[in-house]
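Reviewing the structure listed below.
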Protein chains: 2
Amino acid sequence: MTNDAGAQVRPRDRILGTARALFGRCGIRATGVDAIAETAGTNKMTLYRHFQSKDALIVACLEQAASDADQLWEAVEASAPGDPRAQLDAWVEMVDGLLKDSRGCEFSNAAVELPEACDIVRDTITHYKKTQRTRLAQLCRDSGIPEPERLADTLALMVEGARISRQAVGADGPADSFTSCARTAIGYFASVREPA
Amino acid sequence: MTNDAGAQVRPRDRILGTARALFGRCGIRATGVDAIAETAGTNKMTLYRHFQSKDALIVACLEQAASDADQLWEAVEASAPGDPRAQLDAWVEMVDGLLKDSRGCEFSNAAVELPEACDIVRDTITHYKKTQRTRLAQLCRDSGIPEPERLADTLALMVEGARISRQAVGADGPADSFTSCARTAIGYFASVREPA
DNA sequence: TAGCAATGGTACTGACCAGTAACACCTCTC
DNA sequence: GAGAGGTGTTACTGGTCAGTACCATTGCTA
């Protein structure tokens, strides 16, 4: 299998895309740099000309994944400008979409696969996760939820759980109920005490 | 570091305990059989006399982890015999305890680390996860929850999420809120419609 | 005490992997 | 057309890993 080999895509981008695909499908540790280079239609030397090391490649993959997540957030906000409560619903839909085609969160997977990774990798993971949590809490707050942090944490736990569960037992497991459970949680937190 | 080396513990049990500890701390793929044998105070040959392969060792670790989980469930039931609702609260406490000292669920970690593992490993993981889900749903049902499966899925997602989140961002992340969020969910599902 | 089963120790094989060196090629620009 | 930067190719190093062969040792039992 090749990834855009021969197309007008720069080797660096092919390598990055291929690495993310293989890291996701086979796991980070199980994927060798040779396999990445070959699948990307290039060779190991070119890979090392663009990325100082495999760790650097991993960080670059995570940074691109973070950028993708930013775009998803922008799409959520654009779906209902000025209506944070509708954006919260759109966020649930967005996450539900993530559950369908992905093997799981690239950051969580990296955290599990590389418990003793270098500082740069760990920092990239924690920074991303904290950003997501903050952003979700802000959306809950803007939606007028009385306890925005608690709803945000509830939803964050459910997303993480759904993405992991899907890897462990597939789509038939609890991940299947994510949308329903998340909507219930939002409805409850929104109704328990209306804001003053 | 050695694991009960020299004590009156059979090599097989030392190997198993050490393997679980190292798999948890360093990751499965990052842990070599040499390291396991040495840390267990024995050698690789003895390891291979007890376990046909590293995969077989992994399966044995997961089976022991499943056995540990059974004991935790028995403790939950014994904490409030005949009072399933109190058992549900005890279950939350039990999970909260799990969050404190573990690196995460050994089954979920294995699923993430070994996406292309052999059938035996995959089957062990899915069987365990389905058993846990069924058992939790039964406890919710016995507690008189009107929608036991949905509460069970909500709680299952939150447990999975909390254990993963703890690995990714530590105890300061959403995992910190698990107990509070889980109790809220239980309270809501129990109150929304009392059973007939 | 003889024997047997379990264990310890050493050394090895074959495979894989991250990373590097040296050189050839191609394409674009000046 | 000449140089330069990016790319392709091959071959290599040093290290790690799973798994095995072979033999020595211990400890229990008959």
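Naming convention: chains lettered A, B, ... in sequence-line order (proteins, then strands); numbering from 1 in each chain. Predicted, not measured: the structure shown is a model, and the values here were computed from it.
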Take atom CD1 of Ile120(B) as the centre, draw a 6.0 Å sphere, and report whether it contains more than 12 heavy atoms from other residues, nucleotides or ligands.
no

For Asp34(B) and dT10(C), give me the distance from atom CG to atom C1', rounded to whole Å.
12 Å

Out of dG19(D), dG8(D), dG9(C), minimum distance to the side chain of Tyr48(B) belongs to dG19(D)

Report yes if at least one side-chain N or O of Arg29(B) is closer than 4.0 Å to OP1 or OP2 of dC17(C); otherwise report no.
no

Can you tell me the distance, in whole Å, between the CZ atom of Arg10(B) and the P atom of dG8(C)?
11 Å

Using OP1 and OP2 only, check whether a side-chain N or O of Thr42(A) sits under 4.0 Å from dG8(D).
yes

Salt-bridge present (Arg25(A), Glu116(B); N to O < 4.0 Å)
no

Using atom CG of Leu22(A) as one end and atom P of dC17(C) as the other, report the distance to the nearest whole Å.
12 Å

Take atom CG of Leu47(B) and atom P of dG8(C), then tell me their distance rounded to the nearest Å.
11 Å

Could you label the plane-to-plane angle of the Phe107(B) and Tyr128(B) rings as parallel, tilted or perpendicular, counting under 30° as parallel and over 60° as perpendicular?
parallel

Identify which nucleotide among dA18(C), dG8(C), dG8(D) has an atom closest to any side-chain atom of Arg14(B), counting heavy atoms from C-beta outward.
dG8(C)

From C-beta outward on Lys54(B), which listed nucleotide comes closest to its side chain: dG8(D), dA18(D), dA18(C)?
dA18(D)

Please confirm whether any donor atom in the side chain of Arg49(A) sits under 3.5 Å from an acceptor in the base of dG8(D), or the reverse.
yes

Looking only at atom types and distance, does a side-chain atom of Glu106(A) sit under 3.5 Å from a main-chain N or O of Leu62(A), one as donor and one as acceptor?
no

Identify which nucleotide among dT9(D), dG9(C), dA18(D) has an atom closest to any side-chain atom of Asn43(B), counting heavy atoms from C-beta outward.
dG9(C)

Taking atom C1' of dC17(C) as reference, at what distance in whole Å does atom CG of Leu57(A) sit?
15 Å

Assign each of Ala30(A) and Met45(A) to its nearest nucleotide of DNA chain C by heavy atoms, then name whichever residue's nucleotide is nearer the 5' end.
Ala30(A)

Measuring to OP1 and OP2 of dA6(C), would you say a side-chain N or O of His50(B) lies under 4.0 angstrom away?
no

Grab the NZ-P distance between Lys44(A) and dG6(D) for me, whole Å please.
22 Å

Starting at CG of Leu114(B) and ending at P of dA18(D), how long is that distance when rounded to a whole Å?
12 Å

Distance test, side-chain N/O of Thr46(B) to OP1/OP2 of dG8(C), below 4.0 Å:
yes

Find the distance Glu38(A):CD to dA18(C):C1' and express it as a whole number of Å.
16 Å

Within a strict 4.5 Å, meaning less than it, do heavy atoms of the Ile145(A) and Arg150(A) side chains meet?
no

